[in-house]
Amino acid sequence: MSLARSGDAWKVGGLIAVLAIALLLPAIAPDPATTNVAVFTVMYVGLATAWNIMGGYGFGSYTLGLLLARIGMAGGYAPFLIVPAAGLATAALALGIGWFALRTRAATFVIVTIAFMFMLQLLAENLVGLTGGGGGLSYPVPPWGGDYFNTPFYYAMLALALLSLAISWRIRRSKFGLGLLAIRDDEDKALAVGVPTRAFKLTAFVISAALVGMIGGVYGYYVTYIYPQFVIDPLIGISMVLMVFLGGLGTLTGPVLGAVILEPAQLYLAYNYGASRLYLVFYAAVFLIVILVLPRGIVPSVGRLISDRRARAGPSAPAAAKAVAP
Amino acid sequence: MSLLKIESLTKRFGGVGAVDDCSPEVASGSITGLIGPNGSGKTTVFNLVTGFIPKDSGSVSFKARTIDGLGPDRIYALGIGRTFQLARIFPRLTALENMLVPVRRKGLRALFSGAAWSHEKERAMEMLEFLDLSLVAKTLGGELSYGQRKLLELGAVMMAEPELVLLDEPAGGVNPALLERIGDRIRRLNARGITFLLVEHNMSFVMNLCSEVVVLHRGRPIASGRPAHVRSDPAVLDAYLGA
């Protein structure tokens with residue numbers, strides 16, 4: 001028991017330390033090269049936690065950009081206040097797409113959502129009057145500059161990442177979350193014991209889309225110019241999935257860890273070896289390593305290692321109790 | 001009085017008639033056995049009654065109310081629980097969590113509050129105790145023995161307080177000691193007022209446990225009544241022993 005308690009103390013302490021570093025980062029390392037990496041890293045922490053729906057991110061970017069253009073809002077802090085509207089619009093889109101797509105399962109579902117993503121990309125490219133087509137859509141330019149430029153975006157992304165984590169944490173501990181875990185394990189069985197699987201999946205899909213849409217909106221404002229092929233890009237979804245698998249699927253800290261490792265590495269490659277897609281080779285290597293060596297991801301594997309150690313250290317440790325015979 | 005009334009139930013898979021004009025009834029408070037040779041349509045009847053597959057024709061009513069066209073989750077909510085042939089539990093949830101998934105709550109807010117309210121947990125632990133599973137409450141479903149999974153599945157179905165429970169081969173693949181325990185628990189749950197309809201191949205288990213037996217052959221009931229009566233029915237002997 002005391003082991004578990006001290007473990008909890010470590011967890012809480014670690015959480016506070018990480019949060020403090022995250023909050024103070026722009027003060028500790030104010031140079032734009034670092035804060036730029038930090039903005040994208042925290043963005044992926046949010047995306048990986050919310051589990052991006054394919055294309056939801058780009059839809060959020062376009063929604064915010066178009067909304068800002070429509071109201072004629074100038075650059076400044078005010079556009080951040082419109083970000084929730086991008087989330088709402090993306091959630092509404094997810095409700096519509098999910099209504100159809102969630103009739104399918106597993107691999108088919110993934111293919112259907114990818115198809116929807118390409119439809120969105122085509123629409124963004126071809127509705128030139130609305131989106132500017134391949135010429136891109138411009139956002140208002142923020143009036144601040146210099147070393148401070150990245151800081152507001154960093155905090156906006158951090159706020160959304162923390163919101164995603166808080167929602168994910170809350171859901172995991174709720175009756176709704178238990179239903180989702182049951183669906184993950186055996187969807188038909190869940191249905192047989194009264195879990196309204198379709199409504200649950202749709203709700204999860206919509207919540208995830210709202211978060212991703214907001215993150216996409218902040219991204220658009222940050223880069224001030226968005227193009228269909230970059231914001232509605234399957235690679236965004238692939239990066240996110242890889243981060244989750246590397247860190248550990250079904251854990252709260254796994255996606256965070258995966259994003260913190262992979263996104264800086266990807267940016268390092270991009271900034272040092274030009275805008276080539278060399279990082280894709282790197283991603284492929286990581287994918288292979290994860291699948292072959294760490295199929296459960298870092299967090300669950302390390303957790304297992306620690307509990308095995310404890311079990312070996314003392315027979316009274318909690319893990320030993322599991323060995324009770326039928 | 002019949003709790004579950006099935007009328008002219010029919011289901012064809014391609015050219016094969018799995019269930020054909022089948023009209024068995026389940027009396028309230030009974031333990032009814034649905035028996036028959038392999039492929040006689042027993043599990044299909046279960047899947048049709050619980051809404052897992054759509055029927056071609058016929059109707060099913062529960063407590064004199066039709067349940068046609070309802071999905072499995074709605075049918076469960078009305079009070080018909082079921083288990084599966086090979087003991088399906090949630091392998092990555094603990095035994096206790098497996099018990100908590102079926103617990104029903106009303107309202108959206110309740111859905112987003114804690115996964116286990118203390119009275120729900122208490123009830124789940126009581127049920128685990130009743131099935132001699134309290135020692136493995138925190139063990140993952142996937143790490144349980146086959147027999148423990150069978151008991152866990154039965155217990156979990158009971159958590160939403162169904163009035164009728166459909167058991168698909170409760171004795172299948174279970175050792176004799178555990179078989180006795182499963183039979184005993186079914187009998188005790190029945191004494192608390194729960195009606196059972198079970199599909200089973202183990203004849204002595206059925207004859208000992210059931211108050212009523214319905215025999216299916218090629219998707220049609222060919223006999224029904226008390227176990228002793230059905231056992232000596234020539235049509236039944238013919239179906240089992242004949243071609």
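Throughout, a chain's letter reflects where its sequence line sits, starting with A, and its residues are numbered from 1. Below, each value reflects all heavy atoms present in this structure, side chains not excepted, and no hydrogens, waters or symmetry copies.
- Taking Lys121(B) as the reference, nothing meets the side chain to side chain donor-acceptor pair (under 3.5 Å) condition, with sequence neighbours excluded.
- The distance from the CZ atom of Arg105(B) to the OG atom of Ser174(A) is 8.5 Å, given to the nearest 0.5 Å.
- Contact count versus chain B (heavy atoms, under 4.5 Å) is highest, among Thr197(A), Asp188(A), Ile171(A), for Asp188(A).
- Listed by chain and number, the residues in a side chain to side chain donor-acceptor pair (under 3.5 Å) with Thr94(B) are Glu97(B) (sequence neighbours excluded).
- In this structure, no portion of Arg172(A) lies under 4.5 Å from any heavy atom of chain B.
- The heavy-atom pair separating Leu191(A) from Pro72(B) by the smallest distance is CD2-CG, 3.6 Å.
- Interface residue Leu100(B): backbone and side-chain heavy atoms are both found under 4.5 Å from chain A.
- Judged purely by atom type and a 3.5 angstrom limit, Lys175(A) has no side-chain atom pairing as donor or acceptor with the backbone of Trp117(B).
- In terms of heavy atoms, Phe90(B) sits closest to Asp186(A) at CE2-O, 3.5 Å.
- No option in Ile89(B), Leu93(B), Val101(B) other than Leu93(B) meets the side chain to side chain contact (heavy atoms under 4.5 Å, CB included) test with Asp185(A).
- When the ring pair (Phe, Tyr, Trp, His ring centres under 6.0 Å) test is applied to Tyr76(B), no partner is found at least two apart in sequence or on another chain.
- Residues of residues 178-193 of chain B never come closer than 4.5 Å to chain A when only heavy atoms are counted.
- Environment of CZ in Phe245(A): sparse, with no more than 12 heavy atoms of neighbouring residues, nucleotides or ligands closer than 6.0 Å.
- Thr203(A) contributes atom OG1, which lies 6.0 Å from atom CZ of Phe112(B) (distance to the nearest 0.5 angstrom).
- To the nearest 0.5 Å, atom OG of residue Ser113(B) and atom CZ of residue Arg170(A) are 7.0 Å apart.
- For the pair Lys189(A) and Arg82(B), the tightest heavy-atom approach, listed with the atom from each and the gap, is NZ-O, 4.3 Å.
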